[in-house]
Structures are given as structure tokens and as C-alpha cells.
Amino acid sequence: MALYFSTGSSLLFIAIIAFIPFPTEAAIKKYQFDVVVKNVSRLCHAKPIVTINGRFPGPTIYAREGDRVIINVTNYAQYNMSIHWHGLKQFRNGWADGPAYITQCPIKSGSSYSYDFNITGQRGTLWWHAHILWLRATVYGAIVIMPKEGVLYPFPQPHQEAELLLGEWWNEDVEAVENQGNMLGLPPNMSDAHTINGKPGPLFPCSDKHTYALEVEWGKTYLLRIINAALNDELFFTVAGHNMTVVEIDAVYCKPFTTDAILITPGQTTNVLLQANQAPGRYFIAARSFMDAPVPVDNKTATAILQYKGVPTTVLPLLPNLPAPNDTNFASKYLQKLKSLNTPQYPAKVPLTTDRHLFYTIGLGMNPCPNCLNGTKLTASLNNITFVMPKIGLLQAHYFNIKGVFRLDFPDKPMTAFNYTGAPLTANLGTSLGTRLTKLAYNSTVELVLQDTNLLTVESHPFHLHGYNFFVVGQGIGNFDPNIDPAKFNLVDPPERNTVGVPTGGWTAIRFRADNPGVWFMHCHLEVHTTWGLKMAFVVENGDGPDQTILPPPKDLPPC
Ligand SMILES: *[C@@H]1O[C@H](CO)[C@@H](O)[C@H](O)[C@H]1NC(C)=O
Ligand SMILES: *[C@@H]1O[C@H](CO)[C@@H](O)[C@H](O)[C@H]1NC(C)=O
Ligand SMILES: *[C@@H]1O[C@H](CO)[C@@H](O)[C@H](O)[C@H]1NC(C)=O
Ligand SMILES: *[C@@H]1O[C@H](CO)[C@@H](O)[C@H](O)[C@H]1NC(C)=O
Ligand SMILES: *[C@@H]1O[C@H](CO)[C@@H](O)[C@H](O)[C@H]1NC(C)=O
Ligand SMILES: *[C@@H]1O[C@H](CO)[C@@H](O)[C@H](O)[C@H]1NC(C)=O
Ligand SMILES: *[C@@H]1O[C@H](CO)[C@@H](O)[C@H](O)[C@H]1NC(C)=O
Ligand SMILES: *[C@@H]1O[C@H](CO)[C@@H](O)[C@H](O)[C@H]1NC(C)=O
Ligand SMILES: *[C@@H]1O[C@H](CO)[C@@H](O)[C@H](O)[C@H]1NC(C)=O
Ligand SMILES: *[C@@H]1O[C@H](CO)[C@@H](O)[C@H](O)[C@H]1NC(C)=O
Ligand SMILES: *[C@@H]1O[C@H](CO)[C@@H](O)[C@H](O)[C@H]1NC(C)=O
Ligand SMILES: *[C@@H]1O[C@H](CO)[C@@H](O)[C@H](O)[C@H]1NC(C)=O
Ligand SMILES: [Cu+2]
């Protein structure tokens, strides 16, 4: 097989290829993921963390568009586990999507489950992470999908590529942090550091061995695959003294543009080209929170080093110039620059008309909690519904027609309209509880407006939809106006992605075609809000054709 994939640098190989037809079958990439606890030390603290194969961050999945990937996850940890392949569409194959109790029951301690999926019509940077409890704090890694053999990037070919995973680190056990927050009914303790490839960098104590360095050669171009794997923080990212050219977001090529910093929410990925064209030296790579609401946040700066080859490591790195943590203006200008590439080869297939119009408000609240410190707990809701986790997978319940697990009556709009973003902030109103889903007809086109509200506080929320990419056709501050705003939608080259920020006190409109049957989770990718119930799911019906129905479940699907 290796012969076929040779770059053809040897004349002998070229001669052989001339007589053997080029293989049409895609390759099968197999990975073994052992969930194991390992002691890891950061910020002068050592603690056991849950890892894959003892690595932090976990191993990168490398594949090509068209490949089949089989990942056997074996759980040797004390926690239940499930892994989500974030941004992979999993066509008809929700069984391999991963969110616990949505598409599968967890992989119990001592058990295995093989995630088996094809990568169809996607190429770029995605990532994988645990999708149960807060375990994704340490269980995450990159997915790099190369274009099909012989297909070039639609931008200058880089000399080299590097993955930069941005994360959050807690000195304490992250499950203890989560449990304490739940028991108090309050936000859990903030992280102690941000990290780049698992390392906080030299602005933190005990960081000598915990700094990531990227060596570059002067005059060469590098492709950086940046992933925000943080739990709760939207991040600004920059490289001191250098501009970046953004070429791809969430594994979709975009119109290239140059910027000195990027904004990336948890769940998103961004590929940039970086030219090593500055005075040879050492430059800080840096990431810090964006937070423009009155909400406490870990605002500490993680750093790594861009190291020009041959420059002594004793040279002090140049400090970065990050946007201020509350720089709303930078954030909104940056987001306006994101547009799909939209070429004949990579068209933006935006639904021009929509069959369903959905309007979901995002709210925070305080519900009774007899066992909590003050008898109350913070909660979050969509259309005033706080999602209640089921005891078995929703996809199983749907596929096997098991009654009583969920209801299909999630409202298309809020039951009570109010001035969603009017000042002052509205006090607690409480929420209603339920495992309520929305049914979407096969191949119907959907427009969903996500509207932030002033309930307790306004805040930005990065929403992630499983099983799909969507087009971000509009965004605004204040209340969405159905009479005025749709006329301003971009239906030509809007950004296509799988996770989008709803701006603080504003709204975001997305469109997608419901052509992937299954049960697909949609949730805020801030783990603290997901925990509080800021989530729901769509049930997309089967079509009539044999290739328009949910595949049968794999034999090793974990039971509850
Ligand atoms: C981790 O280190 C602690 C002491 O800090 C030790 O008790 C424990 O056995 C170690 N665990 C593992 C999995 O190595
Ligand atoms: C997955 O790995 C486990 C542990 O090595 C092994 O027992 C099991 O047979 C593997 N499953 C598959 C489908 O390869
Ligand atoms: C992946 O593709 C192969 C080859 O076409 C097919 O046999 C298999 O059923 C597909 N798997 C899924 C999960 O779609
Ligand atoms: C959370 O922070 C408080 C205050 O610093 C500390 O007392 C507590 O132990 C922390 N909780 C956990 C689970 O680490
Ligand atoms: C970065 O781009 C800006 C705007 O195009 C330009 O003014 C600036 O000189 C560039 N900086 C570097 C280091 O290339
Ligand atoms: C970060 O937050 C702390 C308080 O939590 C504050 O004192 C500090 O000024 C903030 N730093 C920045 C850069 O905003
Ligand atoms: C942003 O934060 C800075 C420092 O805390 C403050 O001076 C400034 O007024 C804030 N800007 C806005 C727009 O809130
Ligand atoms: C809970 O009660 C404590 C002590 O009375 C108070 O300081 C805190 O603000 C309260 N928290 C909430 C969320 O009401
Ligand atoms: C909603 O609140 C905003 C800001 O407080 C105000 O300007 C606006 O007039 C209000 N809209 C309605 C319909 O009351
Ligand atoms: C949400 O539901 C609760 C419980 O039914 C109700 O008290 C509250 O007024 C509702 N809030 C909104 C904004 O509709
Ligand atoms: C979905 O609908 C579109 C527009 O009507 C149509 O072009 C397409 O063939 C349909 N796809 C499927 C799989 O039925
Ligand atoms: C693990 O998952 C199983 C199946 O849902 C459940 O019965 C069990 O309580 C879970 N274990 C823990 C420790 O949460
Ligand atoms: Cu949120």
C-alpha cells in the first residue's frame, strides 16, 4: 500500500504505478485509545489526570478525506467515558458521535467500544474530546484530515504544519471542582491556567519543562492548526510581531484575510498561515480570555514560543500585544471578516429558503435545590427549558422506539415574549425542566435564531450542533427583529462551521439542511453552562431511500 501513496520521488515507484491501477478504496486508519490515569505535574502541582494512552494532550488522529477511521476506546479509568469526534458529520451514523446519554451509553470502566466512521466530504482541522462530566479538561486531542491524495490546499502550500491545542488547567481534580460547584449550586472554581499543547508557559511557576516551542526557519510559511479545547473560556490568540492569514475555520476553507489576533471559542478550530519573515528571534505565542460581560473569568495568559532556528534560547521572547479581555470591538470586527471560500470546488450551499423557523432564547436562572448551600442552584435554559439528562441514550430510544425517555414538544419560540436584552438585567424567574426535543423533517431547511437574554446576566455563548455544519447568516446586538434583520442576511458566502458564538446581549442566525437522520445534540460549549442545562437535541427523521436512514447500531454499542 505504501507504494501507492509514495510521492513519486523515485523513478522506480513511478514505473510501478504506471502498471498498477491507482487504488480507489479509501484507507482504513486504526487507533487504540486506552483511557488511563496518569500523574501529571503543572504549576508546581502533581495530580492524577485521566488521559488517552498516558498522553496530555492526547494523540492526534491523522486521516485523509474519504478514509474510514476505527478507534477502539478501552476504559481503564474509574470514570465512565465517552468520546466525541467534534465536527465530524457522522452521516447516518450517530452511533459514533459520542455524547453520553445522547447517542450512546457510557463506556464503563473495564469495557471497550470501537468508534467506526467514514470521513466524507470534509477536510481540515477538527478535534476529539471526552463528552461526559468535565473529563474533557484532560481528555482531548486534534483530528487532522488531509485533502484527498493529490489535492492541494486552496492557499500557498506550507513548509510545515503544527497543531496548537489551547486548554485550561486546574490544580485540583477537575471532577472535584465540578462536584463542588454542583453541590453549592454556584459556578465551579475557575481554572488555574490556560495552556498551549498542555503547557502554561514561562509566565507561570515551575514552567521550565512546561513551555511549548515551535521552531521555524526564516523565510518559510507554516500552517498552524489552532483548536480551542478550553472548557469555559473564549480566547484571543496571537503571535508577537507576526501577522496571520486565516484560511480555514472548523474544517471549512474560508476567504483568506490577515490579522494580528484571532478569536476562538471553545469547540472552534482555526487554521492560519504564518510567515516566518521577521527579524530572527524568539516571539511569544499567547492566548487569553475574551469576556465582555460582568462575569468572572480566568484571564491569565498562556504562552508558547515561536523560535527562529539558530537563535539562542537565552534571548528573551518579544511580548505579545493581545486585545484587551473586554475588547468587543475587536471581536465583532474579526467575526465580520469570516466568509466561506465559496468557489466552484468548495461552494457554500446556503439554504436560500427555509421550511422551519426556530427562535431559541438563552437564559440563566436560579432554581430550588434543597441540598445546595443556599437552597438554590444556578441553571440555564433554551426557551426557558432546562434540559434534563435521560438515563439511556436518546438515539437508542428513538431507534428502538422506547417510550417515556423524551418528548418531541420543544417549542419553536419562547412561550412568553419579553424585551430579551432590555436594561436593566432581569432578576431570576426560574425555568421549567424537561427532556424535550424537536423533530425535523428529512432534508428540510432550518433557520435557527439563538437570542441571548438579560435573565440574571447577558453573556456570550458558543453553540455547537452535532452531525452538521451550518451557515452563520447573520449576527447582531440587541433583540433580533424578524421584520428587519433577515434582509441583511449573508446568503452568498456566510461562514460555515459547527460552533458559533452568540454575542453578549445579541443574537446569531444559522441555517442548515436537515439531511443527516439521527438524534443530534445542540448545546453551549461552555462546560459550566452545559452542566446547568443549556442544551437540547434535534430528532431528524429518516428519508425514503435506503441511504437516507439511520444505520443499524454496531454490535459493541455500550449498554446502560
Ligand atoms: C500519583 O501520585 C500519588 C502521589 O502524589 C500516588 O499516591 C499515586 O499512586 C500516583 N498515581 C499513579 C496512577 O501513578
Ligand atoms: C479493543 O481493545 C480491547 C483491549 O485491548 C480488546 O479486548 C478488544 O478486543 C478490542 N476491540 C476491537 C473491536 O478491536
Ligand atoms: C464506511 O464506508 C464503507 C465503504 O463504503 C462502508 O462499507 C461502511 O458501511 C461505511 N461505514 C459507515 C459507518 O458509514
Ligand atoms: C475552590 O476554591 C476555594 C477557594 O479558593 C477552595 O477553598 C476550594 O478548596 C476549591 N475547591 C476545589 C474543589 O478545589
Ligand atoms: C500586519 O498587517 C497590518 C495590516 O495589514 C500591517 O499594517 C502590519 O505592518 C503588519 N505587520 C507585520 C508584522 O507584518
Ligand atoms: C484579571 O482578573 C483579575 C481579577 O480576577 C483582575 O485583578 C485583573 O486586573 C484582570 N486582568 C486583566 C488583564 O484584565
Ligand atoms: C475594558 O476594561 C478596561 C480595564 O478594566 C476598562 O478601563 C474599560 O472601560 C473596559 N471597556 C469597556 C468597553 O467596558
Ligand atoms: C449564598 O449565601 C452566601 C452566604 O449567605 C452568600 O454570600 C452568597 O452570595 C449566596 N449565593 C447565592 C448564589 O445566592
Ligand atoms: C428593550 O430595551 C431596550 C434597552 O433597554 C430599549 O431601548 C427598547 O426600547 C426596549 N424595547 C421594547 C420593545 O420595549
Ligand atoms: C420560565 O418558567 C418558569 C416556571 O414555569 C416561570 O416561572 C418563568 O416565568 C418562565 N420564564 C420566562 C422568561 O418565561
Ligand atoms: C434535498 O432537497 C434538495 C432541494 O429540494 C434536493 O436538491 C436534494 O436532492 C434533496 N436531497 C435528498 C437527499 O433528497
Ligand atoms: C456509568 O454508566 C452506567 C450506565 O449508564 C451507570 O449505570 C453508572 O451509574 C455510571 N457510573 C458512574 C460511576 O457514574
Ligand atoms: Cu453558554
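All ligand and atom numbering here is 1-based and tracks the order in the structure. Given the structure is predicted, the values throughout are model-derived calculations rather than measurements.
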Do Arg288 and ligand 6 have an N or O pair less than 3.5 Å apart?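 In this structure, Arg288 places no N or O atom under 3.5 Å from an N or O of ligand 6.
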
Closest non-hydrogen atom pair between Phe284 and Pro202, with its separation: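 Where Phe284 meets Pro202 most closely, the heavy atoms are CE2-CG, 3.6 Å.
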
May I ask you to check if ligand 2 and Asn72 share an N or O to N or O distance below 3.5 Å?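 Yes.
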
Thr74 N/O under 3.5 Å from ligand 2 N/O: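 Indeed, backbone or side chain, Thr74 has an N or O that close.
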
Supply the atom-to-atom distance Leu88 CG to Asn118 CG, rounded to the nearest 0.5 angstrom.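 One finds 10.5 Å between CG of Leu88 and CG of Asn118.
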
Residues Asp116, Arg68: salt bridge by 4.0 Å N-O rule: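 A salt bridge links Asp116 with Arg68.
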
Centroid-centroid under 6.0 Å between Phe33 and Tyr113 rings: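 That pair fails the under 6.0 Å test.
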
Strictly under 6.0 Å, is that where the ring centroids of Phe236 and Phe330 end up? yes

Numbering the atoms of ligand 2 from 1, which are under 4.0 Å from a heavy atom of Ser112?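 Answer for ligand 2: 1 (C), 2 (O), 3 (C).
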
Check each atom of ligand 6 against the heavy atoms of Pro325 and keep those under 4.0 Å away; list them by number with element. 14 (O)

Atom pairs and distances, ligand 5 N/O vs protein N/O under 3.5 Å:
from: ligand 5; atom 1: 2 (O); to: Asn243; atom 2: ND2; distance (Å): 2.2
from: ligand 5; atom 1: 11 (N); to: Asn243; atom 2: ND2; distance (Å): 2.9
from: ligand 5; atom 1: 14 (O); to: Asn243; atom 2: ND2; distance (Å): 3.3

With distance as the sole criterion, is a donor-acceptor pair present between the side chains of Thr60 and Glu163 under 3.5 Å?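 Yes, a side-chain donor-acceptor pair sits under 3.5 Å.
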
For Gln32 and Asn72, what are the C-alpha separation, side-chain angles and deciding distance, and is it a side-chain hydrogen bond (donor to acceptor under 3.5 Å, both in side chains)? CA-CA 5 Å; Gln32 177 66 38; Asn72 183 14; 3.0 Å; yes

For Trp218 and Gln278, indicate whether the former's side chain and the latter's backbone hold a donor-acceptor pair under 3.5 Å.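 The answer is yes, because a donor-acceptor pair under 3.5 Å joins these two groups.
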
